[in-house]
2 protein chains.
Amino acid sequence: MTAIYDEMNEKTKEKIQNNFLQLLKEKNFMKVSVQDISIATNINRGTFYLHYQDKYDLLDQMEESLLTGLEMHLERLQPDILLVEAEQGNISMHAVEVFRYIQMNTAYFQVFLGDNNRVGFHKRLKLFFVDHFIEKMIKNKDFFKGLAVPQDYLSSFATSAFLGLIEQWLDNDLAESPSEMAEMYIQIIFFIRNL
Amino acid sequence: MTAIYDEMNEKTKEKIQNNFLQLLKEKNFMKVSVQDISIATNINRGTFYLHYQDKYDLLDQMEESLLTGLEMHLERLQPDILLVEAEQGNISMHAVEVFRYIQMNTAYFQVFLGDNNRVGFHKRLKLFFVDHFIEKMIKNKDFFKGLAVPQDYLSSFATSAFLGLIEQWLDNDLAESPSEMAEMYIQIIFFIRNL
DNA sequence: AATTCCACTCAACAACGTGTTGAGTGGTGT
DNA sequence: ACACCACTCAACACGTTGTTGAGTGGAATT
């Protein structure tokens, strides 16, 4: 049975990731050394290299699993409901789930989107939203019809706007509930629409 | 007369900045060493430290001067015209100047907002827009009246959306003209309004 | 013409971080 | 008893960092 070894492996990786996250709250990613990580984790520096190629690999894996987590979280929703919702003034279902997931992983999002560590996660998250979220909304023939703006610009505009809301929420230490945030998102989008 | 020495000083700093910019096109900021910079600039490594504390300081100064350059560029416009413009469906004046300035400094913006070097400039530029641009629009009693969303969220939303447009423009290698971009911005904003 | 000033060069320094290696420890499963 | 495996430990060569002290050559000062 190799399960126990796998478990040890996982626990060590978890410890590394947790302590790395703590360090990222204090320091810039660039200034966190593998030394720092191994000391904080009470682990030999060599052990770190048994699990990760380097600290970039560590960061990459953490970002990746955060995004696939979000993907799985969203998969539970029917994929094409959004369009219908949108026409009913009810985009909220998707949005509220995104905000909920962020709430479940506050520390990660605050660090990865924070002032210090804006290494690549911002762009990555943006791409994610374009693929999983905004594209569906924009490709809806009715929702944005009558607007002569290229689709890539519209995507980037809408996605960044949504991200802006999220960033502000994180800056405010999640003062609002996920539902309130979704509500806000809808209000802004439809304010615009119904003025 | 000390002017000549000042000039030497400036020319060296310029050379450093130019070569640093080239290096940033090829490599991640973290992977550009002071060695690399001094070699590319044909300068002794010690000389670099006569001008900058470290490479962070260099990046910081370049970002700073890019932003103050934008500030100066915008100052030539009357500060309160925007509000009037907005009500006339004519925000473009400010927007077009921003796009024009970006066009004048394409390389800098592409590098500082590019995938590799999203160190802190994104947030910095966002703050700039909030201070100089969006706040004026949002504080306009009429423009966003009837929308029950906290001002900080509205700021973040609108600014990020604007930045999204810029990022897409840079990704597209400035395929559109500044005026076209401004036009696009207006269209999106007012589409929304007049639908 | 002699001297001071200044940007810059050069070589060397200790300190630190990196990624890798080979030998060793101690629990786990067979 | 044996092999297995995650992990430790110490040492390695190498690159980067920021600093220092001595020196060079052209420009300004007297």
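Below, chain A is the first sequence line, B the second, and so on; all start at residue 1.
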d(CE, B/Met8; P, C/dC5) in whole Å: 17 Å
Rounded distance (Å) that lies between atom P of D/dC5 and atom CD of A/Glu10: 16 Å
Nearest-0.5 Å distance that lies between atom NE2 in A/His122 and atom CG in B/Leu113: 10.0 Å
Protein-to-nucleotide contact annotation, 5' to 3' order, nucleotides 14-21 of chain D [B base; S sugar-phosphate only; - none; under 4.0 Å, heavy atom]: --SBBB--
Close side-chain approach of B/Tyr56 to B/Asp60, heavy-atom, < 4.5 Å: no
Polar side chain donor-acceptor pair, B/Gln168 to B/Asn172, under 3.5 angstrom: yes
Bracket string, DNA chain C, 5' to 3' - pairs by Watson-Crick or G-U geometry under 3.5 Å, | interstrand: ||.|||||||||.|||||.|||||||||.|
Given C/dT28, D/dA28, C/dA7, the nucleotide with the shortest approach to the side chain of B/Asn9: C/dA7
Validation row, ring centre B/Tyr153 to ring centre B/Phe157 under 6.0 Å: no
Ring centre gap for A/Phe20 and A/Phe48 strictly below 6.0 Å: no
For atom NZ of A/Lys15 and atom C1' of D/dA6, their distance in whole Å: 11 Å
Give me the distances for all protein-to-nucleotides 24-27 of chain C N/O pairs that come in under 3.5 Å?
from: C/dG27; atom 1: N2; to: A/Tyr5; atom 2: OH; distance (Å): 2.9

Six-ring centre of B/Phe162, B/Lys126 cation under 6.0 angstrom, axis tolerance 45°: no
Rounded distance in Å - CG (A/Asp6) to P (D/dA6): 8 Å
Euclidean distance, atom NZ of residue B/Lys31 to atom C1' of C/dT18 [Å, nearest integer]: 13 Å
Within the 6.0 Å centroid threshold, strictly below: B/Phe112 and B/Phe29: no
